[in-house]
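Counting starts at 1 for both ligands and their atoms, in listed order.
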Amino acid sequence: MQDQLESLILEAEQEIEKCSAPNDILNVRAKYLGKKSVLNGLYGRMRELSKEERPAFGGLLNSARVKIEAFLESRSEAIKQAAWKKDSSGFDYTLPGVSLSRGGLHPLSIVRRQIDEVFMSMGFEIAEADEIEDEFHNFDALNTPKDHPSRNLADTFYVEGGKLLRTQTSTVQIRVMEKYKPPIKIISPGRCYRNDKPDPSHSPVFTQVEALVVDKGISMIDLQDTLQSFARIMFGTKVKSRIRPHFFPFTEPSAEMDISCVACDGQGCRVCKQSGWLEMGGAGMVDPAVFDTLGIDSEIYTGFAFGLGVERIAMLKYNIPDMRILFENDLRMLRQFRGEL
Ligand code: PHE
């Protein structure tokens with residue numbers, strides 16, 4: 001009996017090997033496992049056996065059935081795979097997939113968004129204007145004398161039609177004051193352009209965030225308070241800020257803004273060149289001459305403005321030693337910064 005079963009299994013295996021379509025599998029299955037199959041017939045003969053003999057015989061039949069099922073299963077799987085491979089489009093569905101890597105925000109974009117959020121939480125609205133500007137908005141209205149060196153070709157990129165690439169986001173101050181009456185409380189993040197050679201701390205394209213607050217009774221204290229709040233939210237509560245006298249044509253008095261070095265807590269290190277302070281940008285009280293040009297009564301209103309360097313902030317946040325890294329877009333570098341903040 002055992003021999004008979006073994007040759008049955010062998011016969012089935014050989015026939016299954018020859019199957020090349022799902023239909024062949026169905027036929028062979030019917031032949032070896034179906035109602036009229038030899039195997040099924042053998043099950044019927046169990047009755048002829050004694051009670052003692054039945055379990056062993058049943059076990060043999062079952063294992064034969066399991067073996068034949070396994071051959072059918074694996075052959076049918078192979079037929080499916082082969083059919084995929086030969087898909088009429090020539091597309092091989094069995095090739096391993098290519099996993100797509102996810103994109104992420106550039107560190108500058110992340111920091112820009114953070115800055116936006118900090119100022120919005122302080123009640124600022126966001127204003128924007130074009131990067132291509134005219135001399136009026138980039139220089140004249142900002143009280144910049146006709147012979148000021150920043151107007152030179154060596155400093156400013158001029159484009160056709162007497163236009164230029166804005167050298168500062170202060171242009172947005174003018175655009176906003178042309179359009180809206182005080183009270184005004186806006187920031188304006190955006191790209192600026194200067195004819196500078198790229199080096200570790202310069203780039204012909206860079207990003208500023210301008211702030212402008214105009215209302216009755218605005219003073220230098222409000223400027224300092226805003227700077228201090230911003231620095232604390234951005235860099236932590238330990239950070240101090242200060243302003244130093246400076247000059248800009250469109251602010252009077254003018255100042256430069258510093259925060260205590262975030263790398264050494266103001267102790268003095270390589271990042272702050274041992275000074276304990278880091279420069280954040282320019283600031284000042286809006287010059288009455290600017291208000292006059294725009295028809296805002298400087299007897300009633302005062303205001304402050306400042307411009308922050310966004311690359312500087314991103315470099316501090318991400319420990320980036322060279323500004324050019326932010327613009328070269330070497331993916332290996334950018335991937336390192338992703339998810340760090
Ligand atoms: N626009 C100035 C700059 O480019 C910065 C500044 C902004 C100064 C606002 C005063 C007020 O450096």
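Between the side chains of S74 and E77, not a single donor N or O lies within less than 3.5 Å of an accepting N or O. Judged purely by distance below 3.5 Å, without hydrogens or angles, the side chains of S188 and E210 never pair a donor atom with an acceptor atom. For the 3.5 Å distance criterion, the side chains of T207 and E311 qualify, holding a donor opposite an acceptor. Y43 and N62 share a side-chain donor-acceptor pair at under 3.5 Å.
In this structure, the salt bridge (charged side-chain N to carboxylate O under 4.0 Å, His left out) partners of D265, at least two apart in sequence or on a different chain, are K238.
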Check ligand 1 against the protein and report each N/O to N/O distance under 3.5 Å, formatted as atom name, atom name, distance.
{"unit_1": "ligand 1", "atom_1": "1 (N)", "unit_2": "Q168", "atom_2": "OE1", "d": "2.8"}
{"unit_1": "ligand 1", "atom_1": "1 (N)", "unit_2": "S170", "atom_2": "OG", "d": "2.9"}
{"unit_1": "ligand 1", "atom_1": "4 (O)", "unit_2": "R194", "atom_2": "NH2", "d": "2.7"}
{"unit_1": "ligand 1", "atom_1": "4 (O)", "unit_2": "Q208", "atom_2": "NE2", "d": "3.0"}

(message) What verdict does the ring pair (Phe, Tyr, Trp, His ring centres under 6.0 Å) test give for F230 and F119, after you've listed the backbone C-alpha separation in whole Å, the side-chain angles of each residue and the deciding distance to 0.1 Å?
(response) CA-CA 7 Å; F230 169 76; F119 282 112; 4.9 Å; yes

